[in-house]
Amino acid sequence: GAVVSQHPSRVICKSGTSVKIECRSLDFQATTMFWYRQFPKKSLMLMATSNEGSKATYEQGVEKDKFLINHASLTLSTLTVTSAHPEDSSFYICSARDWSLITDTQYFGPGTRLTVL
Amino acid sequence: RKEVEQDPGPFNVPEGATVAFNCTYSNSASQSFFWYRQDCRKEPKLLMSVYSSGNEDGRFTAQLNRASQYISLLIRDSKLSDSATYLCVVKWSGGSYIPTFGRGTSLIVHP
């Protein structure tokens, strides 16, 4: 089946630093990828839709200058958490849309657990 | 009103039991439906798509009721390993593709 990778799987950083998370679709091309965050025992919250070659679409309440998204190729999207603060600590999950004539399915990366001290 | 609603549970059942979850959606233009499974501290994984005629995969049966706007997931002969959160996902037809997730239903299967 389709595979989506995410790197790093876990990161601990100091407050004020920036953290970049990579999301890759390994065996299909993804023009659309999604970024979510999830707090413990809470549901997934869509942050933004990442479109290859164009600007990301952010959900209401998500600061685009804080969460920078780049989707420069059909297999890679990156999320950069700028000037991270402890309240940004969360589980960040990406997903990629596998869309063709015979399928239209969303596959998730394994997630990145961010802890900001 | 939330677009996709699920009973958060938890559903606490013994091994071998049959359990069913429902998920209601508000947009009648909804086109595609899926069930995902999420284990604690892990990413969601696709369990099965839901087809109009209903579909079965081993112990799992998914059904769609367009008239009442809900989908269901039936798990027969529950295993301890079925313990997880089950997420219902709905995609609207037309416009941009943004799948909408329910909050998930927690299932706990005990010995």
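In what follows, chains carry the letters A, B, and so on, assigned in the order in which the sequence lines appear, proteins first and then strands, with residues in each chain numbered from 1. Heavy atoms only: backbone and side chains are in, while hydrogens, waters and symmetry mates are out.
Here disulfide (SG to SG under 2.5 Å) pairs that include residues 15-117 of chain A, with residues two or more places apart or in two chains, are Cys23(A)-Cys94(A).
Put simply, the side chain of Tyr36(B) reaches to within 4.5 Å of the side chain of Gln106(A), judged on heavy atoms.
With ring centers used as reference points, Phe108(A) lies under 6.0 Å from Phe101(B).
With sequence neighbours left out, Arg37(A) forms a salt bridge (Lys or Arg N to Asp or Glu O under 4.0 Å) with no residue at all.
The hydrophobic cluster containing Tyr86(B) also contains Tyr25(B), counting ILVMFWY residues as joined when their side-chain heavy atoms lie under 4.5 angstrom apart, directly or transitively.
More than 12 non-hydrogen atoms from other residues, nucleotides or ligands lie less than 6.0 angstrom from NZ of Lys66(A).
At a 4.5 Å heavy-atom cutoff, Gln6(A) makes no contact with chain B through either its backbone or its side chain.
Taking CD1 of Ile93(A) as the reference point, atom NZ of Lys42(B) lies at 11.5 Å (rounded to 0.5 Å).
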